[in-house]
Amino acid sequence: MSATVQDNALEVLRHVFGYSAFRGKQAQIIEQVACGGDALVLMPTGGGKSLCYQIPALLRPGCGVVVSPLIALMQDQVAALRQAGVEAAFLNSTLSAAEAAEVERSLRDGTLKLLYVAPERLLNPRCLGLLASSEIALFAIDEAHCVSQWGHDFRPEYIQLSQLAEQFPNVPRIALTATADQQTREEIAERLQLKAAPVFLSSFDRPNIRYTVVEKDNPRKQLLHFLRNNHVGASGIVYCLSRKKVDETAKWLKEQGIKALPYHAGMDGDSRSQHQARFLREDGLVMVATVAFGMGIDKPDVRFVAHLDLPKSLEGYYQETGRAGRDSLPSDAWMVYGLQDVVLLREMIEQSTAPDEIKRIERQKLDAMLGYCEAPQCRRQILLKYFGEASQPCRNCDICLNPPERWDASVAVQKALSTIYRSGQRYGATHLIDILLGKSTPKIRECGHEHLSTYGIGKDLSEQQWRSALRQLVATGIVDVNAHGGLQLTDACRPILRGEQSVQLRRVIEQPKTAGSSSKTPLSFDNDADRELWAALRQCRRRLAEEQNVPAYVIFADATLQQMLEKRPQSLEALRDISGVGDRKLELYGTEFLAVLRQG
Ligand code: ADP
Ligand code: ZN
């Protein structure tokens, strides 16, 4: 039995989707669901969750029903399936009555193989009745973490999806999410009645993403430098904390000649969906956004995710950076961070009206985030460990590629601590550094701080070195930040001030390389012929995409074009062997791409 299911699944993978082998646990999951079982799937973004329900739906009689929270994105998912020759449709509020009736008819007729539905639509009695009178292959609940009341993507309608278990006891259900933590996992199993279902947990590593944290100095300039050096003409996301900063940064990037658009919850719905659609469809657009942007964005060729502000938790950070490089090509997760970020986030926590218990958790999350920024250890090891996974140093993060030096900072730290103490434990880093460097600012004169015994005793270090040192003291808990950004001593300071304990700090020597600058990406070429052929392939793809009004990646992903560039297939048969070229796409686009390849 299962040998045939596996064979059939592989047939579909090759002929419909054009891929040669399953990734990770895809084969096991597909077998489980195709044979009628339930499943809970935890897989990182880009891991290949869609095939886990699409292939079983194609193998089983009837139509697979996919619950997805974002109606704006259903259209592209359906377009991608249709390109592969799969009968797919969606039901949501954007359809006219006539269009919806047409979809309903094809569902009843049994011609539809995949139907995407928004949860609120699915749960209305009429729709449930329609499903009850049709043959259903399976229910797939995408972004299943939306049932979690504690998560940031909570959708009340998701909770009611437990009805499906009662009303359709014989239809297999598969829930999928990229949120890894134990608590969310349990909530999903509990609320969706999947406690008896096997859990398929994948590694959450994303080896193609290069993690880099840079000291914040002049963030806009640093961003521009990063973009110009590594990602010219590439699609990417820049995250900022506030709406205002989103607007300002997008405007500024545009002035610098970079195609950038803003996205945040304060914009009207129309411009929001318009900007989102442009990001999905156009090549090389930079989306400057708050965390409101991103869930369900399955654009495969996002080459970088940049953070201009410190995220509030590692969970959020990992989810946001995970939007880069779904196509497995080299990508960057790049962040600038400074002490001011810590001060701001601490302030936000203290001033919120949340209960103390929540504040305590938020503080812990922020501390873990800080630990990530300042630890002298492989970034990926820290991230994976946070999600309960052990791993080796990755050789693809700034720390691995450019290990920081450690230096004995005991004396310098004593100077800093005593400056904090003598000035009354209420000043922020900038003023404290001015004292250490012996500067004569109005504030120094006003406070009479030129008379402190530590005034000017820190001239052996630069301003940047002092900033880095103070940040590390905060990150390691030696120094505290109060709600107004003032630095304060903690108990951990005593042995240091008494000279009983030495302090090691890390020193970064040079700006590390990012993924685009040192690895081969679609945008770096060995010679002009490659560059021209690449441009011609993209041009062909763009023309086909525009003709049909679909995103370019729906025709072929970057990874597929890149393989064409490498292997230069000269016949339809050879083109068939390129990953991502299935039967239908070969038929539709084979000759056009061959013509381009033969010319190149
Ligand atoms: P997720 O939903 O888990 O974020 P997707 O299902 O969107 O990931 O898949 C990410 C990318 O990987 C897509 O471009 C998809 O076509 C591709 N992909 C998925 N499975 C395979 C496979 N077995 N072989 C090659 N490419 C795959
Ligand atoms: Zn590493």
Side-chain angles (χ1 to χ4, degrees), residues 9-10 12-14 16-30 41-55 66 68 70 73 76-77 80-81 83-84 86 140-145 174-180 200 202-213 280 294-302 319 322-329 331 333 372 375-385 391-404 512 515 551-563 578-582 585:
L10 208 53
V12 173
L13 180 75
R14 293 192 173 144
V16 178
F17 296 97
Y19 299 135
S20 55
F22 285 114
R23 275 188 194 158
K25 299 199 172 166
Q26 280 178 331
Q28 289 159 264
I29 300 164
I30 289 168
V41 174
L42 304 130
M43 213 185 253
T45 307
K49 286 187 282 300
S50 325
L51 292 185
C52 296
Y53 55 82
Q54 288 169 348
I55 293 183
V66 186
S68 168
L70 295 155
L73 301 175
D76 291 342
Q77 279 154 356
L81 282 165
Q83 289 286 329
V86 177
I141 299 153
D142 207 4
E143 312 284 354
H145 63 280
I174 169 173
L176 311 100
T177 179
T179 303
F200 295 88
S202 304
S203 165
F204 268 69
D205 190 13
R206 300 287 310 284
N208 60 314
I209 300 181
R210 178 170 295 177
Y211 288 89
T212 304
V213 180
L280 292 172
M295 188 181 49
I297 296 287
D298 58 0
K299 186 175 169 66
D301 54 356
V302 175
Q319 217 162 52
R323 289 169 189 145
R326 276 180 178 229
D327 53 11
S328 307
L329 297 177
S331 309
Y372 167 81
Q377 192 196 349
C378 168
R379 308 269 185 214
R380 197 176 315 267
Q381 271 186 315
I382 298 179
L383 287 167
L384 291 174
K385 184 159 159 251
S391 65
Q392 295 299 311
C394 74
R395 315 227 303 265
N396 192 25
C397 74
D398 57 345
I399 301 279
C400 286
L401 294 169
N402 184 30
Y553 65 79
V554 161
I555 307 288
F556 284 128
D558 274 3
T560 301
L561 294 195
Q562 206 179 8
Q563 255 197 33
I578 301 287
S579 175
V581 183
K585 287 190 182 175

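Keep in mind that the numbers below use all heavy atoms, side chains included, and drop hydrogens, waters and symmetry copies. Counting starts at 1 for both ligands and their atoms, following the listed order.
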Atom [atom1] in [X], atom [atom2] in [Y]: separation rounded to 0.5 Å?
| X | Y | atom1 | atom2 | answer |
| --- | --- | --- | --- | --- |
| I29 | L51 | CD1 | CG | 10.5 Å |
| L42 | F204 | CG | CZ | 5.5 Å |
| R210 | S331 | CZ | OG | 10.5 Å |
| Q562 | S579 | CD | OG | 11.5 Å |

Among protein heavy atoms, which lies nearest [atom], and at what distance?
| atom | value |
| --- | --- |
| atom 18 (N) of ligand 1 | R23 NH1, 3.6 Å |
| atom 7 (O) of ligand 1 | R326 NH1, 3.4 Å |
| atom 16 (O) of ligand 1 | Y19 OH, 2.5 Å |
| atom 20 (N) of ligand 1 | Q26 NE2, 3.0 Å |
| atom 8 (O) of ligand 1 | G48 N, 3.2 Å |

query: Looking at residues at least two apart in the chain, or sitting in another chain, which of them share a side chain to side chain contact (heavy atoms under 4.5 Å, CB included) with I578?
result: T560, Q563, M564, K567, P569, L575, V581
task: May I ask whether M43 has any heavy atom positioned less than 4.0 angstrom from an atom of ligand 1?
output: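 Judged by the 4.0 Å heavy-atom criterion, M43 does not count as contacting ligand 1.
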- prompt: Does L51 have a non-hydrogen atom less than 4.0 Å from ligand 1?
  reply: yes
- prompt: Any idea which of A557, A84, A21, G46 brings a heavy atom closest to atom 1 (P) of ligand 1?
  reply: G46
task: Name the option, out of S50, G47, A27, that contains the heavy atom nearest to atom 5 (P) of ligand 1.
output: S50
- prompt: Does the pair F22 and L10 meet the rule for a side chain to side chain contact (heavy atoms under 4.5 Å, CB included), with working shown?
  reply: CA-CA 8 Å; F22 285 114; L10 208 53; 3.7 Å; yes
- prompt: Would you say atom 10 (C) of ligand 1 touches the protein, meaning some protein heavy atom is under 4.0 Å from it?
  reply: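 Yes; the ligand atom in question has protein heavy-atom contact below 4.0 Å.
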query: Relative to the heavy atoms of P44, which atoms of ligand 1 are at a distance of less than 4.0 Å?
result: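 Numbered from 1, ligand 1 contributes 3 (O).
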query: Of all the atoms in ligand 1, which lie at a distance below 4.0 Å from a heavy atom belonging to T45?
result: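 Here the atoms of ligand 1 in question are 4 (O).
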message: I'd like to check the salt bridge (charged side-chain N to carboxylate O under 4.0 Å, His left out) partners of R323; sequence neighbours left out, ordered by chain and number.
response: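 With sequence neighbours excluded, R323 shows a salt bridge (charged side-chain N to carboxylate O under 4.0 Å, His left out) to no residue whatsoever.
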query: Can K49 and D142 be said to form a salt bridge (Lys or Arg N to Asp or Glu O under 4.0 Å), step by step?
result: CA-CA 9 Å; K49 286 187 282 300; D142 207 4; over 6 Å; no
